[in-house]
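A quick write-up on the structure given underneath.
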Amino acid sequence: MKIYNVVLSGGVGSRLWPMSRKSHPKQYLEIFNDRSLFELTIKRNQKITTDLMVIGNKDNECLSQEILNKLNVNCLKVTEAVPRNTAAAIAFSAFAVDKDDILIVTPSDHLIQKMDEYEDAIQRAIELARSNYIVTFGVQPTHPETGYGYIEHKGDRVLSFREKPNHITAQDFIERGNFLWNSGMFCFKAGILLEELKKFEPEIYEKSFIAWENAKDGYLDEALSLDIPANSIDYAVMERSKRIKVVPAKFAWDDLGSFEALYDYFRSGGHPVDRNGNMTIGTNTYTAFVGLNNCIFVTTPTANLILQKEDSQEVKNVYNYLERKRPDLV
């Protein structure tokens with residue numbers, strides 16, 4: 001039996017535009033002590049797994065391969081022709097291995113600290129996976145975040161999954177004390193996941209299998225891939241299966257999915273801010289903020305962004321607009 005770290009690397013990080021683009025998504029930005037989140041993800045899991053698998057897309061394959069070469073790491077690669085969300089991506093990873101192999105699925109764009117606690121959580125999840133459970137990792141919330149989904153739990157038993165709440169609801173979750181942030185990390189036997197996917201989403205299962213069977217050296221066919229319904233693993237399996245367990249995790253976790261999160265990370269590392277909490281990212285040129293508080297100025301060679309830190313989630317709306325009107329900028 002092998003234990004794979006399955007690294008999902010197909011995201012575009014739209015809420016970190018203009019730093020993150022389709023041609024160079026956030027997981028490949030070397031802004032974490034000159035390392036990328038993709039590199040940190042691989043290194044973090046090397047000690048606790050036997051093998052590595054990278055699920056990515058054809059547009060960014062060269063970026064991931066550069067880092068794999070740098071680390072001198074061999075891996076099994078699955079290259080998607082078109083993104084079909086996480087249910088299909090995870091199905092491909094399960095089709096690629098033996099049914100009793102354990103898969104630890106981790107996004108490539110999360111920042112995780114407190115490694116002792118992280119390794120303890122992974123080992124607990126592996127134990128549950130060996131008992132045929134599908135495990136998700138829930139992170140102890142530190143504030144009423146509206147950008148994450150939540151897991152209501154009692155011990156390792158999942159009571160419910162909740163969508164991204166408004167601020168009042170998120171505050172209520174915090175006060176109730178039995179809600180965790182949904183980290184988007186999973187652990188399971190390949191065969192168990194496929195059984196549940198086939199039960200709840202037979203079309204995704206069957207069409208993903210056809211695409212996988214016709215893949216060439218891990219490269220998936222575009223026409224067959226487009227035939228797969230796009231759905232997340234949360235909707236397809238996690239919210240419906242009776243085999244779900246949650247590991248309440250104590251490690252420090254952040255998906256760095258917004259400039260507010262990036263601001264906090266940079267500030268904790270000594271990145272300068274002015275006396276009113278304003279920050280520049282991407283330039284050392286002196287920049288003055290007049291009459292503004294807690295603002296972020298992001299500059300790149302082709303686009304700039306100015307935002308109120310608390311409105312970081314709204315950047316995705318800018319990205320969506322540009323995707324329609326100025327695709328050259330995304």
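Small disclaimer: the values here were computed from a predicted structure and weren't measured. Heads up: numbering here begins at 1 and tracks the sequence.
Using a cut-off of 4.0 Å between Lys/Arg side-chain N and Asp/Glu carboxylate O, D120 and R124 are scored as not salt-bridged. Under 4.0 Å is where a charged nitrogen must lie from a carboxylate oxygen, and between E314 and R15 no such pair does. Using a 4.0 Å cut-off between charged nitrogen and carboxylate oxygen, E195 and K99 do not count as a salt-bridge pair.
Partners of E203 under the salt bridge (charged side-chain N to carboxylate O under 4.0 Å, His left out) rule, at least two apart in sequence or in another chain, are K207.
Ring-plane geometry between W181 and W253 is classed as tilted, the angle between the planes lying from 30 to 60 degrees on a 0 to 90 degree scale. Between F137 and F251, the angle of the ring planes lies from 30° to 60°, which puts this pair in the tilted group. Using cut-offs of 30° and 60° for the angle between ring planes, the F266 and H271 rings count as parallel.
Among T285, N304, T287, T280, the single residue meeting the side chain to side chain donor-acceptor pair (under 3.5 Å) criterion with T299 is N304. Residue N5 is tested with T106, T49, T41 for a side chain to side chain donor-acceptor pair (under 3.5 Å); the sole match is T106. Applying the side chain to side chain contact (heavy atoms under 4.5 Å, CB included) test between V247 and each of T136, V139, L128 identifies L128 as the sole match.
If you check the side chains of K189 and N132, you find a donor sitting under 3.5 Å from an acceptor. Defined by atom type and a distance below 3.5 Å, a donor-acceptor pair is missing between the side-chain atoms of S312 and E260.
Checked against a 6.0 Å centroid threshold, the rings of F95 and Y205 count as neighbours.
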query = Given the rule in the ring-ring contact (aromatic ring centres under 6.0 Å, His included) test, do F32 and Y265 qualify, once you have shown the distances and angles that lead to the verdict?
reply = CA-CA 9 Å; F32 304 92; Y265 172 79; 5.3 Å; yes
task = Could you check Y133 against F188 for ring-ring contact (aromatic ring centres under 6.0 Å, His included), going step by step and ending with a plain yes or no?
result = CA-CA 6 Å; Y133 289 108; F188 46 77; over 10 Å; no
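Rounded to the nearest 0.5 angstrom, I134 CD1 and E196 CD are separated by 5.0 Å.
The closest donor-acceptor contact from the side chain of H24 to the backbone of Y28 lies under 3.5 Å.
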